[in-house]
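Have a look at the structure below, then the notes.
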There are 2 protein chains.
Amino acid sequence: MDAVLDEAAGKRARGLDRAFEILDFLREKRQALKPNEIAAQIGAPRSSVYELVNLLLRNGILEFTGGEGRVYLGRKLYFLGAAYENHFDFTRECEAALERLADETRETAQFCMLDGNKYTVVRMREGARPFRISTDVGQSVPIPWTASGRVLVSHMTDAEILAFIPPQDFQLPSGEWLDPATFLAEVRAAEGDGHFTFNSIVDSFTHCFAVPVMGDAGHAVATLCLVAPRADGLANREQYLACLKDAARRLGGHAPAQAKRA
Amino acid sequence: MDAVLDEAAGKRARGLDRAFEILDFLREKRQALKPNEIAAQIGAPRSSVYELVNLLLRNGILEFTGGEGRVYLGRKLYFLGAAYENHFDFTRECEAALERLADETRETAQFCMLDGNKYTVVRMREGARPFRISTDVGQSVPIPWTASGRVLVSHMTDAEILAFIPPQDFQLPSGEWLDPATFLAEVRAAEGDGHFTFNSIVDSFTHCFAVPVMGDAGHAVATLCLVAPRADGLANREQYLACLKDAARRLGGHAPAQAKRA
DNA sequence: ATCATATGTACATTATATTGGACATTGACG
DNA sequence: CGTCAATGTCCAATATAATGTACATATGAT
């Protein structure tokens, strides 16, 4: 995550940071790995990784699976995640919103959030004519690659945004570099309009729509998106935007559930 | 968790263990707390807790919520938990199994697992006549209090079981102490029968049924349960058990999804 | 047989993380 | 006003965690 190049070289890493680096890495890989492989691939000392993996195994944060001593994310993480989901109870309404969006538009609908300084699809509802969607649920994607990315950072200042997004994330999958100034202009447009749409820069045949879901703090905590074939998206642009904004308004209407007093 | 009384006194705690102790504590409380409150309630040094909380906040493992500097489990945990759920893809089939059980029996059906050395309800489907269920989804409960508890530890030896379950967990909610020998006998009965049923010892009006869901390793990784009014449960005992075993067989039939090779 | 690679374990060293305690701030309450 | 409790910050001391290195074993290629 924030460890692409860890600070300066030569420093010792803190156990906790290393541990979550391991967890994030396993999530990204989406498969069980041997401690040795983890160490090699994240560039951490083997002895440290073995130590941490054993600690995490003892805590149920990691589990042996896949044989050969391979480890993957553990049950405890599921329980903790379920507690989060239960507290900020967005899932049920979110599913309903996606369902309705998919019904009304027949397009693929997504609910997206930031994961640290990346963009990620939290939930997705396939449209009527499913095509190969470029990003799967749970994958971390550079913010500048997506329409939602513009919306999700629009509450920050330009300086904050540039400090927040890793510079290398402005390199698009095609290899081209997106000018940060262009990106910032699009962010400001999204802020003003309350939505952002563009022809996807990840693939060459879709048009993407993103609108903010407002949270307590008065800025976007998530987005609702549609991914449509280009012709289709352009033809129905106004209808699609209206559907999205309506759905987002309902989702964001009430505060994301304060802690229920015991 | 394993920190009810931390090893010997006078030792320093490892940051990682302390961190997960904080996470588990927040999950148990199911509400946002101030760092100061956390420190006081888990009996950890305030300076350590502040340090760790800040680290966890920076990683997205904790989040500010509820105002006044209170923190609760963070979005990152949701993402990690979702990755676990996705990998061991039990959710969809689990929901279906509970749905069918509830349809066939009209009773409350649960899917339960161990969380460390406690029992927890992972998913629940309310029955036709909902009554006050004593344990909510996600709450940690002593293993000896539940029918599922007998099933979930039945692959261990007697010695392993006694080492595994915290001694104080043999004290029932009524205050009475359950004789470990009695418990072990019930575990062995459960092992032989492939199920366990009893009048709940948590309340005085339900009868509980538990059957194992078998995993790769050849032992129970979870249970399917029914919670019925006592008269009802006794009257339909055989039918309920048949339903449960059928559902559990389908769930456990195939291995819990090896890692998909990349 | 010999070498190279992948994997896991053991241990001493030292950089540093955990901790206790001092300090500052706030609000409640008499 | 003074006092007490709750809360957050800062810092030095030292127990220890992260690391490098050596070692052990297995596997496969040459």
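Just so it is clear: chains get the letters A, B, ... in the order the sequence lines come, proteins before strands, and each one is counted from 1. Only heavy atoms go into these numbers, but all of them, side chains included; no hydrogens, no water, no symmetry mates.
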Inset, instruction - Any chance you could lay out the salt bridge (Lys or Arg N to Asp or Glu O under 4.0 Å) test for A:E93 and A:R250, step after step, and finish with the verdict? - result: CA-CA 9 Å; A:E93 304 156 68; A:R250 299 198 211 193; over 6 Å; no
Legend entry - Under-4.0 Å side-chain N/O to phosphate OP1/OP2 contact, B:R18 with C:dT19: yes
Legend entry - Minimum heavy-atom distance B:L114-A:R75, with the two atoms named: O-NH1, 2.7 Å
Legend entry - Whole-Å distance separating the NZ atom of B:K34 from the C1' atom of C:dT25: 13 Å
Legend entry - Contact nearer the 5' end of DNA chain D, comparing B:S47 with A:V49: B:S47
Inset, instruction - Would you kindly compare A:G15 and A:R46 by the position of their nearest DNA chain C nucleotide and give the one closer to the 5′ end? - result: A:R46
Inset, instruction - Whole angstrom is fine here: how far is it from CD in B:E51 over to C1' in D:dA12? - result: 14 Å
Inset, instruction - Let me know the distance between CD of A:E21 and C1' of D:dA18, rounded to the nearest Å. - result: 14 Å
Legend entry - A:N54 or A:L16, whichever maps to the more 5' nucleotide of DNA chain C: A:N54
Legend entry - B:Q41 CD to D:dA6 C1', straight-line distance once rounded to whole Å: 13 Å
Legend entry - Phosphate OP1/OP2 of C:dT19 contacted by B:S48 side-chain N/O (<4.0 Å): yes
Inset, instruction - Would you give the length of the straight line joining atom OH of A:Y78 to atom NE2 of B:H87, rounded to the nearest 0.5 angstrom? - result: 15.0 Å
Inset, instruction - Measure from CG on B:L33 to C1' on D:dG8 and round the result to the nearest Å. - result: 16 Å
Inset, instruction - Take the protein atom CG of A:L55 and the nucleotide atom P of C:dA17, then report the distance between them rounded to whole Å. - result: 16 Å
Inset, instruction - Take B:L62 and B:L23 through the test side-chain contact (heavy atoms from CB on, under 4.5 Å) and record every step on the way to the result. - result: CA-CA 8 Å; B:L62 290 180; B:L23 299 184; 3.6 Å; yes
Inset, instruction - Round to a whole Å and report the spacing from CG of B:N36 to P of C:dA24. - result: 18 Å
Inset, instruction - Can you tell me the distance, in whole Å, between the OH atom of A:Y50 and the C1' atom of D:dG20? - result: 15 Å
Legend entry - N/O (side chain, B:R14) to phosphate O (OP1/OP2, D:dA18) under 4.0 Å: yes
Legend entry - Heavy-atom pair with the smallest gap, counting every atom of B:G149 and B:T146: N-OG1, 2.8 Å
